Amino acid sequence: MSLKVYNSLTRKKEVFEAINAPYVGMYVCGPTVSGESHLGHARPFITFDVVYRYLMHLGYKVRYVRNITDAGHFEEEGREAEDKISTKAILEKLEPMELVQKYTNLYHWAMAKFNNLPPSIEPTATGHIVEQIEMIKKIITDGYAYEANGSVYFNVEKYNTDFSKKGMPYGMLSGRVLDDQIDSTRDLDNQEEKRNKSDFALWKNAPPEHIMRWQSPWGEGFPGWHIECSAMSTKYLGEEFDIHGGGMDLQFPHHECEIAQSTVCNHKTPARYWLHNNMITINGKKMGKSYNNVIKLSELFEGTHPILEQAYHPMTVRFFILQSHYRGTLDFSNEALQASEKALRRLWEAYEWLGKQEINAAVTASDKVQDEKVRQLIGEFDEFMNDDLNTAKVLANMFELSSVINSIKDKHIKADAISGATLQLLQQQLKLYIEDIFGLTGERTADDGKLDGVLQLLIDIRKEAKQRKDFVTSDKIRNELASLGVQLKDEKDGGVSYSIQ
RNA sequence: GGUCCUGUGGCCGAGUGGCUAGGCAGAGCUCUGCAAAAGCUUCUACAGCGGUUCGAAUCCGCUCGGGACCUCCA
């Protein structure tokens, strides 16, 4: 049983084979830190965090590189060269790097909230200007780029002509044919510098108002849109690495250009497997700046966006994302998030309860059918993950297992129906998948046990009240706690547990 | 206009030629002082029209609807 992933490059599910097992190199396009990340951005980072975790679980030694784009890119090509970061910096009266630092910090804060593991290397574009310039020089030397007025452009047509012969045409990833595109490319101003509309910038001459600028062989300027990823992936992962990930909207032109640049320099397609996650939509529309429908992560966690009916815990969002397949769109709504919130709580409580049970491994199953069913549901975790990381199916199985766990808890299923060995396996596999691979964590806030002590005291007082049929007191405790977000649950065996919202 | 994806029950979502997805919501029952929680049972599905097939939600065609990319974008 081996891992299969959908490779955008071949448009097929393929068996994953590492180039240099057990080592795996994975590059994922990170954020542009000119603003705060929004819900849509959360998806690739959570998706590839799970990929990272799963690969490690499979025994690979993964070098996970995720860049930070902190060198400004154009708002719009052509018009007065406006650098996104420097423009905003002027508005906010901040130094560009101060702004970049602020949003980088916010981004890291959100990643930590989501319990995403930090990547092995998180290189910045501004920290790799030298590498980018070197790469551009090489592309010029090889004849695939030209200089014009202090800017450097990639010659797409020449590349396409030469590399089509080698079976690597420009557009191989996105399925575009260059000839079709030339006509369909938008008519932009100030295109005279380019020989062809489809050419893209490797280096841009910086106009005087541009704050972020570096010295280069072509004068003062800043790197083009795509070169940083080629330069940094080559530097840290080599000329050919295993996985390249990112959002589907980056497939063209970003990844296509990346392939072209790297292929000229290294004579091979940079990554073997290209994985693309789909978009998060809101009312069926992609969440994005241009649609003016973004929910920033801080707004999501605090419930401060007008669309939001409440705040959503980062784990709710993580769970929500894992409940769908990464290649499908996922539609945001309050109802959907609220459903995820409840579902996650149910799953977690069953998981937590089982984890606390002392299991006698010597017990044999009195209900072979039930035992077998549980074993099968557990066994399918790997199977589903290996089938292009189907986290949704794994979660579905977990819910079926939760029913079994709750039935044991409520004694609807006999304690010895399932063997000790199976229950131990269940404990172990749930922990592995819920915590280690899916990266979910308990919502309970850490405290030093004082809160628990207080609650246990209240539970005792309520119990005594109930015994003398003083329901006014017992209900008061229950209801007051409920309004504070602490829910008491009377268990079958007379015990009382609680959950905190 | 070009390239491509998609249409599943009240909502979110798996699935993909014959076998229950799952979650949330709704209904009934069990438990309970009453609730909640939990368990059990249950109701709404595969856009429409044709075709292929013993059999299609699943394959093919058409129609209608939604969306993405072609420009920064996760």
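Being a predicted model, the structure only gives us computed values, none of them experimental. We name chains A, B, ... by the order of the sequence lines, and we start the count at 1 in each one.
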Base, sugar-phosphate, or nothing for A:K469, non-hydrogen atoms under 4.0 angstrom? nothing
Once you apply a heavy-atom cut-off of 4.0 Å, does A:L330 come out as touching a base, just sugar-phosphate, or nothing? sugar-phosphate
Please determine whether any donor N or O and acceptor N or O are separated by less than 3.5 Å between the side chain of A:R478 and the base of B:A35. yes
A:H226 and A:F200 aromatic ring geometry - parallel, tilted or perpendicular at 30°/60° bounds: perpendicular
Establish, with yes or no, whether the OP1 or OP2 oxygen of B:C5 is under 4.0 angstrom from a side-chain nitrogen or oxygen of A:R327. no
Pairwise P distance, B:A36 and B:C43 [rounded to whole Å]: 23 Å
Among the candidates B:A68, B:G33, B:G13, find the nucleotide nearest to the side-chain atoms of A:K286. B:A68
Interatomic distance, A:I295 CD1 vs B:A74 C1' [rounded to whole Å]: 15 Å
Send over the distance from A:M279 CE to B:A74 P, rounded to a whole Å. 9 Å
Whole-angstrom distance between B:C19 and B:U71, as gauged at atom P: 46 Å
Counting heavy atoms not belonging to A:K489, are there more than 12 under 6.0 Å from its NZ? yes
When we call it a touch if two heavy atoms are under 4.0 Å apart, what does A:Y291 touch: a base, just sugar-phosphate, or nothing? sugar-phosphate
Looking across every strand, which nucleic acid part, if any, lies under 4.0 Å from A:H38 by heavy atom: base, sugar-phosphate, or nothing? base
Check: A:D490 side chain, B:A35 base, donor-acceptor under 3.5 Å: yes
Row check, A:F252 ring normal vs A:R176 NZ/CZ: under 6.0 Å, within 45°: yes
Taking A:E157 first and then A:R195, would you say they form a salt bridge - that is, a charged N and a carboxylate O separated by under 4.0 Å? no
A:Q487 side chain: which of B:A37, B:A74, B:C12 is closest? B:A37
Reckon A:N406 has a side-chain N or O less than 4.0 Å from the OP1 or OP2 of B:G39? yes
For the residue pair A:F114 and A:F45, is the inter-centroid distance of their aromatic rings smaller than 6.0 Å? no
Per A:S324 side chain, nearest of listed nucleotides B:A74, B:G22, B:A14: B:A14
Check every strand shown and say whether A:G246 touches a base, only sugar-phosphate, or nothing at a heavy-atom separation below 4.0 Å. sugar-phosphate
B:U32 and B:G23, which share atom name P, separated by this distance in whole Å: 26 Å
Under 5.5 Å between ring centres and under 30° between planes: true for A:F471 and the base of B:G33? yes
Mind checking the C1' distance from B:A57 to B:G7? Whole angstroms is fine. 11 Å
For nucleotides B:G48 and B:U58, find the distance between their P atoms and express it as a whole number of Å. 10 Å
What's the CD-P distance between A:E341 and B:A25, to the nearest Å? 11 Å
Name the nucleic acid region contacted by A:A336, choosing base, sugar-phosphate or nothing; use a 4.0 angstrom heavy-atom cut-off, strictly under. sugar-phosphate
Could you state the atom-to-atom distance from CD of A:E352 to C1' of B:A38 in whole Å? 16 Å
Reckon A:S174 has a side-chain N or O less than 4.0 Å from the OP1 or OP2 of B:C70? no
Look at the side-chain N and O atoms of A:R346 and state whether any lies under 4.0 Å from the OP1 or OP2 oxygen of B:A37. no
Taking the side chain of A:S474 as heavy atoms from C-beta outward, which of B:C12, B:A74, B:G33 is closest to it? B:G33
Side chain of A:H325 only, please: which of B:G15, B:A74, B:A38 is the nearest? B:G15
Please determine if A:K393 and A:D387 form a salt bridge, counting it only when a charged side-chain N lies under 4.0 Å from a carboxylate O. no
Which label fits A:H244 and A:Y27: parallel for a plane angle under 30°, tilted from 30 to 60°, or perpendicular past 60°? tilted
A:F319 CZ to B:G13 P: how many Å, rounded? 13 Å
Protein-nucleotide distance (A:K373, atom NZ; B:G22, atom P), rounded to Å: 10 Å
Taking the side chain of A:N390 as its heavy atoms from C-beta onward, which of B:C11, B:A14, B:C24 lies nearest to it? B:A14
Separation of B:G9 P from A:E335 CD (nearest whole Å): 13 Å
Sticking with atom P, work out how far B:C34 lies from B:C40, rounded to a whole angstrom. 22 Å
Lys/Arg-Asp/Glu bridge criterion (N-O < 4.0 Å) met for A:R462, A:D490: yes
Does A:H412 place a side-chain N or O at less than 4.0 Å from the phosphate oxygens OP1/OP2 of B:G39? no
Decide whether a cation-pi geometry holds between A:R346 and A:F399; the criteria are a distance under 6.0 Å from NZ or CZ to the six-membered ring centre and an angle within 45° of the ring axis. no
A:F319 ring center near A:W348 ring center (under 6.0 Å): no
Do A:D331 and A:T281 get their side chains close enough for a donor-acceptor pair, meaning under 3.5 Å? yes
Test for a donor-acceptor pair under 3.5 Å between the base of B:G33 and the side chain of A:D470, counting only N and O atoms. no
Both A:S403 and A:Y326 contact RNA chain B. Taking the nearest nucleotide for each, which residue is further toward the 5' end? A:Y326
Do the side-chain N and O atoms of A:Q251 and A:S8 include a donor-acceptor pair separated by under 3.5 angstrom? no
Contact class for A:N479 vs. all strands (heavy atom < 4.0 Å): base, sugar-phosphate, or nothing? nothing
Given the C1' atoms of B:G2 and B:C11, what is the spacing between them in whole Å? 36 Å
What is the distance from CG of A:N293 to P of B:G67, rounded to the nearest Å? 12 Å
Reckon A:K285 has a side-chain N or O less than 4.0 Å from the OP1 or OP2 of B:G67? yes
With rounding to whole Å, what would you report as the distance between B:C24 and B:A38 at their P atoms? 8 Å
Sugar-phosphate, base or nothing in reach of A:M287, heavy atoms under 4.0 Å: base
Ranking B:A74, B:C24, B:G22 by distance to the side chain of A:K342, first place goes to B:C24
Where each residue is assigned the nucleotide of RNA chain B containing its nearest heavy atom, which of A:D387 and A:A42 is assigned the position nearer the 5′ end? A:D387
Watson-Crick and G-U pairing of RNA chain B written in dot-bracket, each distance under 3.5 angstrom, with | for inter-strand partners: (((((((..(((.....[...))).(((((.......)))))....(((((..]....))))))))))))....
Which part of the nucleic acid, if any, lies within reach of A:E400 when heavy atoms closer than 4.0 Å are counted: base, sugar-phosphate only, or nothing? sugar-phosphate
Please determine, for the side chain of A:R462, which listed nucleotide (B:G23, B:C34, B:A74) has the closest atom? B:C34
Among B:G39, B:C12, B:A74, the nucleotide that comes nearest once only the side chain of A:H41 is considered: B:A74
